[in-house]
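Beneath this line is the structure, given in structure tokens, with notes to follow.
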Amino acid sequence: FGTLFRVATFGESHGAAVGAVVDGCPPRLPLSEADLQPQLDRRRPGQSDLTTPRGEADRVEILSGVVNGLTLGTPIALRVCNRDARPADYAELAAVPRPSHADFTYQAKYGIRAASGGGRASARETIARVAAGAVAEKFLRARFGTEIVAWVAAVGEAEAPPPEAPSRALVDRHATRAPDADSDARFRAAIEAARAERDSVGGVVAAVCRGVPPGWGEPVFGKLEAELARAMLSLPAVKGFEVGSGFAGARLRGSAHNDAYVWKGERLGTRTNRSGGIQGGISDGEDIYFRVAFKPPATIGRPQVTADFQGRETTLEIRGRHDPCVVPRAVPIVEAMAALVLADAALQQLAREAAAR
């Protein structure tokens with residue numbers, strides 16, 4: 001993933017480890033495992049009573065690309081070992097593709113699959129993205145002062161009002177990663193109700209990227225919002241993406257939607273921000289706002305009438321440890337993918353500016 005700031009991930013849900021290789025990170029950036037671990041801690045399972053009880057510490061190791069606390073400019077290899085894998089929980093699923101999961105499509109594509117825990121299709125793979133995204137975040141903060149904050153904007157039918165000044169400290173006060181206590185209570189009730197019925201519930205994660213200079217993103221096929229959409233839609237369970245006013249903007253007239261310009265002391269900016277910080281596919285210096293829709297987790301505990309790989313009707317009742325709602329743990333994953341997109345866009349713009357000198 002990426003053009004100049006490139007990332008590849010590896011590993012399966014119940015394999016030995018998951019990890020990432022980051023290529024293109026500039027040299028001499030101070031970087032340590034302590035810089036990466038906080039985001040992994042926010043993603044890891046078992047962090048509250050609303051998530052899967054799988055017991056993973058998710059400690060990240062830097063295997064290459066860093067010496068004496070500084071990046072070398074060479075590939076950075078990151079690894080997180082799986083300590084609490086239980087492939088036996090999935091033995092009976094070898095012959096039955098789980099409804100709305102990737103079992104059937106992986107089998108159709110490769111003729112083989114990692115049947116335990118979904119393999120690469122599992123959300124366990126996203127820990128590699130979070131580790132790589134933390135590297136990108138460190139670069140963005142150090143070079144541009146860029147800040148990325150995501151929060152849970154909806155769980156099922158319950159929605160939170162937009163926070164005035166979202167921060168990670170604010171969001172992390174609540175197990176649901178809601179922006180306020182009232183929304184946290186309503187989100188918790190929705191998640192607990194789904195879990196009590198051995199079911200699942202979806203939700204929406206919103207995010208803001210502050211401190212993004214104007215000029216990032218390509219004007220046609222590499223539009224910044226298109227790259228953000230590609231990043232978010234690559235995540236497990238994501239079914240929708242919108243930036244700025246999104247679909248609500250389609251109900252407005254141009255006179256109500258246009259963002260008029262105003263002088264903001266040191267730069268030209270916009271009075272409103274319905275475009276979400278991106279014009280013509282290029283950042284305009286305003287905060288970038290977007291929302292990501294996650295479907296209900298496909299793995300549920302209640303019996304489901306389905307068919308096995310031979311087409312024979314069967315009743316599937318899945319065991320194992322699963323999240324009734326993924327959005328609280330998806331917050332740092334969304335932040336990570338945004339960081340990867342922005343770091344890549346930053347390097348492309350820096351290269352263009354250097355070539356123009």
Side-chain angles (χ1 to χ4, degrees), residues 38-45 47-51 123 126 129-130 133-134 136-137 140-141 146-192 194 201-212 225 228-229 231-233 235-248 273-274 276-278 286-297 323-342:
Q39 282 293 78
L40 301 184
D41 290 342
R42 297 175 76 221
R43 195 225 69 99
R44 69 177 177 82
Q47 60 186 277
S48 82
D49 59 352
L50 298 177
T51 68
T126 62
R129 303 169 186 242
V130 173
E137 269 200 276
L140 290 168
R141 280 196 307 269
T146 304
E147 179 187 30
I148 303 168
V149 179
W151 64 93
V152 175
V155 172
E157 296 292 331
E159 292 196 27
E164 290 187 8
S167 68
R168 290 184 183 176
L170 172 70
V171 170
D172 286 349
R173 291 176 188 172
H174 310 118
T176 64
R177 296 220 160 85
D180 60 84
D182 177 68
S183 298
D184 174 62
R186 291 184 291 114
F187 291 172
R188 175 179 283 273
I191 295 171
E192 290 178 342
V201 64
V204 175
V205 173
V208 59
C209 307
R210 306 185 185 104
V212 177
E225 67 262 58
L228 286 168
M232 300 307 155
L233 289 168
L235 292 172
V238 169
K239 290 298 182 181
F241 172 85
E242 61 180 8
V243 63
S245 63
F247 283 89
N273 190 19
R274 298 182 186 93
I278 301 172
E286 301 299 316
D287 292 346
I288 295 174
Y289 283 95
F290 61 86
R291 288 161 54 95
V292 187
F294 288 80
K295 70 174 183 176
D323 290 280
C325 181
V326 300
V327 289
R329 291 177 59 209
V331 162
I333 303 170
V334 167
E335 292 169 345
M337 293 308 296
L340 293 175
V341 170
L342 293 178

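If you read the sequence from its start, that first residue is 1, and numbering goes on from there.
Taken from CD1 in Ile191 to CG in Asp323, the straight-line distance is 9.0 Å, to the nearest 0.5 Å. Atoms CD1 and CD1, on Ile278 and Ile288 in that order, are 4.5 Å from each other to the nearest 0.5 Å. Annotation: the span from Leu340 atom CG to Arg129 atom CZ amounts to 9.0 Å, rounded to 0.5 Å. Expressed to the nearest 0.5 Å, how far CD of Glu147 lies from CG of Leu140 amounts to 11.5 Å. To the nearest 0.5 Å, atoms CE (Met337) and CG (Leu235) are separated by 5.5 Å. Taken to the nearest 0.5 Å, the CD1 atom of Ile148 stands 9.0 Å off from the CZ atom of Arg141.
Side-chain atoms of Ser245 do not come within 3.5 Å of backbone N or O of Ala248 as any donor-acceptor pair. In this structure, the side chain of Thr126 engages the main chain of Ala123 through a donor-acceptor pair within 3.5 Å. Glu242 contributes a side-chain N or O that, together with a main-chain N or O of Phe247, makes up a donor-acceptor pair within less than 3.5 Å. When atom types are taken as modelled, the side chain of Thr146 and the backbone of Gly211 share a donor-acceptor pair closer than 3.5 angstrom. With hydrogens and angles ignored, the 3.5 Å screen pairs a side-chain donor or acceptor of Arg329 with a backbone N or O of Arg43.
By the 4.5 Å heavy-atom criterion applied to side chains, Val208 and Trp151 are counted as neighbours. Between Val149 and Pro166, some side-chain heavy-atom pair lies under the 4.5 Å cut-off. For the pair Asp287 and Cys209, the minimum side-chain heavy-atom distance is 4.5 Å or more. The shortest distance between side-chain heavy atoms of Pro332 and Arg177 falls below 4.5 Å. The shortest distance between side-chain heavy atoms of Leu50 and Thr176 falls below 4.5 Å. Using a 4.5 Å cut-off on side-chain heavy atoms (C-beta onward), Tyr289 and Asn273 make contact. Looking at Phe294 and Val204, their side chains never come closer than 4.5 Å, going by heavy atoms from C-beta outward. Side-chain contact between Phe187 and Val152 is present, with at least one heavy-atom pair separated by less than 4.5 Å.
Using a cut-off of 4.0 Å between Lys/Arg side-chain N and Asp/Glu carboxylate O, Glu335 and Arg42 are scored as salt-bridged. At a threshold of 4.0 Å, the pair Glu137-Arg168 counts as salt-bridged, since one of the basic side-chain nitrogens sits closer than that to a carboxylate oxygen.
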- prompt: side chain to side chain contact (heavy atoms under 4.5 Å, CB included) between Arg173 and Leu170: does it pass, once the steps are laid out?
  reply: CA-CA 6 Å; Arg173 291 176 188 172; Leu170 172 70; 3.6 Å; yes

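Contact detail for Val327 and Ala154: the closest heavy-atom pair is CG2-O, 4.3 Å. Summarising the geometry of Ala339 relative to Gly133, their closest heavy-atom pair is CB-O, 3.6 Å, with the distance given to 0.1 Å. Taking every heavy atom of both residues into account, Asp180 and Ala160 meet most closely at OD2-CB, 4.3 Å. Among all heavy-atom pairs drawn from Cys325 and Val155, the shortest one is SG-CG1, 4.2 Å. Contact between Leu228 and Ala338 at its shortest, heavy atoms only, is CD2-CA, 4.1 Å. Of all non-hydrogen atoms in His174 and Pro179, the two that sit nearest each other are CE1-C, 4.2 Å.
Using a 30° and 60° split on the angle between ring planes, Phe290 and Phe241 fall in the tilted class, from 30° to 60°.
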